[in-house]
Structure formats: structure tokens, C-alpha cells
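For reference, the structure discussed in these notes is given below.
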2 protein chains.
Amino acid sequence: MLELAILGFLHDEPLHGYELRKRIAALTGHVRPIADGTLYPAIKRLERAGLLGRDLQPGTLAAPRHVLTLSPAGRGELLRRLREPEELFLTDENRWFTLLAFLRHLRDPAEQATVLRRRLTFLTQPASFFWDGDRPLRAADFDDPFRQGLFTIATATSRAEIRWLRDTLALLESDG
Amino acid sequence: MLELAILGFLHDEPLHGYELRKRIAALTGHVRPIADGTLYPAIKRLERAGLLGRDLQPGTLAAPRHVLTLSPAGRGELLRRLREPEELFLTDENRWFTLLAFLRHLRDPAEQATVLRRRLTFLTQPASFFWDGDRPLRAADFDDPFRQGLFTIATATSRAEIRWLRDTLALLESDG
DNA sequence: CCAATATAGCTTGCCATCGATATATATCGA
DNA sequence: TCGATATATATCGATGGCAAGCTATATTGG
């Protein structure tokens, strides 16, 4: 998730670590903050893998900046991760939202549509929590108000997203 | 998250690991599967901390079962975690949903309401991603359809949950 | 009778993340 | 001038999660 965000932000423009830190905080930090001790090792990891380049810049404001650039291999890796996301990126909301934030980088509408279709398949497939064997559960089937809420919220959420997915898929198909 | 789920399920009744594994899978496995290599060490951890007891039962179907029981200390710890959840449990959906699934164990409506109010505060507080400095963003402010979607879905989701939170808070307050 | 599957539990090695801590520089207000 | 804050990067130890593999037994279907 973090690596995807790093690659995704750097696809737009080179950034130094501190700026990257702020952008990531603005994107997902509200929900799940990223510690410094997570970000910098992640940058090193991507750098060692040849996905990032680094240029030293004398500090304009404070300590010297390390400007990070996405290498061609990095761009390829980003597109690969967007095109063929692992299952977790389709089921876990945090990861899925991160992916969605950068899906525009995948220029081909057909490829974008393929990813959205996989998410749609996941969302329209029944969640085990909401089934009692073969019988679909309703909010009234839960005796406590909190599980009722869980159900109500999950249903509303998934309905809103399914609607958006269908609309957007129609749009992408009419484009391509 | 996993530890909360273990303690939460065992509050209802003693269970052996395999059954626990299935219940957790039914609750959150759809979105985020739990590996065996994660569950069993977590059980040991809680056991070592004195939160769980263990009784050997000759296998009724296969290998002998280790029936796990919530100790008084374990019950205390569960209630503490429900009553005073860490920030991450209020912001991260996965964790929040897990917490919600067991919030009924906190018997006092006033305490339950306090937790819901903290979530409401988080949800009604503006997310940095959706603000440009002081200006709130609208879906039309995003140029690509995927970030538009992100915004649309997040808004719909949060609206549905806020409505439920307000309704349920009213209910809890009228009860207590 | 044999293979597959379900039940049942556990370990090991690897890797990612977190919290704490360290180091420096520039700016701004008291 | 001193402390606070913002900018900027990095390391380290502990923890926790994951994939893979291991060991059993009982049932079911071919």
C-alpha cells in the first residue's frame, strides 16, 4: 500500500521524502498514519530494487533534500501493480482506495475497466458474515444494534460503490 | 484487531482454535484473511498474558481440541479495549468494524455511546484529502474519474454511517 | 482400498511496520 | 538570545503478520 502510494505520487513529479510524507499523510494518514520509520526504509527498498532514482539538492529551507525520481523500471512496476493488483488490493478498503487514487496512471480505459470489474465481482459476491448458510441475513436478524449497524453501513457503502462502478464502467466502455 | 476478535468471540462461549479460525474468517476473512501462522501465535500470546485458559478435549472428529476460555483478566482486557479503544480502532475501517462487532459486550449504554461519539467526531471532522487548504472539495474538483469515485464513495459511506451513529446514540441515550 | 478433504494444531524464517531516538538547519516570536 | 516549531533524513529494536511447511486423525467418495 505504502509502496504503491510512493510510486504513484512520483509518477506525477519528482519529490523529496518530506514532501512525499506529507502527500501520503494527506491521502491516507487520516485513516492510517505512516511513521517515518516506515517511510524511509520503504524508499530505500524501492531504491535498492532500482525503481527510484535520487538526486541530492542543497537545502532551500533546511537540511539537504533528496529528490526522488521514478525510474523507467519503477514506472513499469507501478503500472504492473495497477494493472494486475493482488487480491488484497481489491478486498481491503485501505488498499483499494490507494489503488483507486492512482488508477488514472493506467492510461488504457480497457485496462482500467478490467480492474474495476474485479472490484465489482468482489462486491457483488456475498460476504460470509451476512449469510447464515444459504440464507441471506437482514438487519433485523441481528439482535444487537451494533451488528445491525455493521450490516446497515456495509450495505449502504457497498451499494454506493456498486452504483459508481457500474456508471464508470459504462463511461470507460463508451470511451474505448 | 485479531486479538480483539479472539477475546470478543470467546466472551460468548469457549471455543477451540479451529472454530475460532472459522468465526474470524466469517467476520473479516472476506476482506482480510487471517493465516494460521498468525492466529496460533496470537492465541499463545494471549494465553501467556493470562487472558486465556486452555482445556484439552479428546478429539470428537479428528485431532484433540484445545478449548479456549476467556479468563476474568481476559474479560477485563476485552472490556478495557472496547471502552477505551486506541485511535487506530476509530479511524481504520477494518479495526472499527471489528470493534463494532463486539461492542455489545460493553453492557453500559453510556459507555457504548462514548465510543460511538468518538467515531462520530472522527467522521464529522474533515479529511485532509478532501480539502484544499480551507476550501472543501467537491467531486467536480477532481479531474480524473477515479479520484472522483473515491470522493463519491467516501462521502456516501460516511453519510450513511453518520446517520446510523446519530440514530443509535439517540436510542442509547433514551435507554440509559 | 485409496485419495481427497475436513478437522485440528503448530513452527520457522522472512519481512514490514512502529515507536523511539538521533542529527541538522532555518525561521520566528518572546 | 533562547526555545519552539518546521524542515529534512535516517537508524534501531521489538513486534506482529505471512507463506510455507509439518504432523495427525476421521470421513467421504470413487
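Each chain gets a letter, A, B and so on, in the order its sequence line appears, and its residues count up from 1.
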Closest listed nucleotide, where the reference is the side chain of A63(A) and the choices are dA24(C), dA10(D), dG9(C)
dA24(C)

Mind calculating the distance between CG (L39(B)) and C1' (dG16(D)) to the nearest angstrom?
13 Å

Closer than 4.0 angstrom, basic N to acidic O: yes or no for E93(A) and R32(B)?
no

Does OP1 or OP2 of dA10(D) have a side-chain N or O of R54(A) closer than 4.0 Å?
yes

Residues R104(A) and D12(A) bridged, charged N to O under 4.0 Å
yes

Is it true that E3(B) and R81(B) have a side-chain N and a carboxylate O under 4.0 angstrom from each other?
yes

Determine which nucleotide pairs with dA30(C), using a 3.5 Å limit on both distances of a Watson-Crick or G-U wobble pair.
dT1(D)

Measure the distance from CG on L56(A) to P on dT9(D) and round it to the nearest whole Å.
9 Å

Short of 4.0 Å, heavy atom to strand atom, which residues of residues 27-38 of chain A count as contacting DNA chain D?
D36(A), G37(A)

So what does R45(B) touch, heavy atoms closer than 4.0 Å: a base, only the sugar-phosphate, or nothing?
sugar-phosphate

Could you pick out which residue, K22(B) or K44(B), lies toward the 5' side of DNA chain C when each is mapped onto its nearest nucleotide?
K22(B)

Could you tell me whether E47(A) and K44(A) have a side-chain N and a carboxylate O separated by less than 4.0 Å?
no

Expressed as a whole number of angstroms, how long is the span from I43(A):CD1 to dT9(D):P?
8 Å

Q57(A) CD - dT7(D) P separation (whole Å):
16 Å

Going hydrophobic residue to hydrophobic residue with side-chain gaps under 4.5 angstrom, can you get from L4(B) over to L90(B)?
yes

Would you call E161(A)-R119(A) a salt bridge at under 4.0 Å N-O?
yes

F102(A) and F146(B) aromatic centres sub-6.0 Å:
no

Do R118(A) and E87(A) sit within salt-bridge range, that is, some charged N less than 4.0 Å from a carboxylate O?
yes

In whole angstroms, how far is the P atom of dA8(C) from the CZ atom of R23(B)?
12 Å

Those residues of residues 77-88 of chain A lying under 4.0 Å from DNA chain D by at least one heavy atom
none

State, to 0.1 Å, how close F97(B) and A154(A) come at their nearest heavy-atom pair, and which atoms those are.
CE2-CB, 4.4 Å

Between H66(A) and H16(A), does the ring centre distance come in under 6.0 Å?
no

What is the separation between atom CG on L68(A) and atom P on dA10(D), rounded to the nearest whole Å?
8 Å

Nearest atoms (heavy-atom pairs only) where I24(A) meets I6(A)
CD1-CG1, 4.0 Å

Using whole Å, report how far OH of Y40(A) lies from P of dT17(C).
16 Å

Kindly check if the number of other-residue, nucleotide or ligand heavy atoms within 6.0 Å of CZ (R75(B)) is above 12?
no

Rounded to whole Å, how long is the line connecting atom CD1 of I24(B) with atom C1' of dG17(D)?
14 Å

Pull out every residue in residues 3-19 of chain A that has a heavy atom closer than 4.0 Å to any atom of DNA chain D, ordered by number, or say none.
H16(A), G17(A), Y18(A)

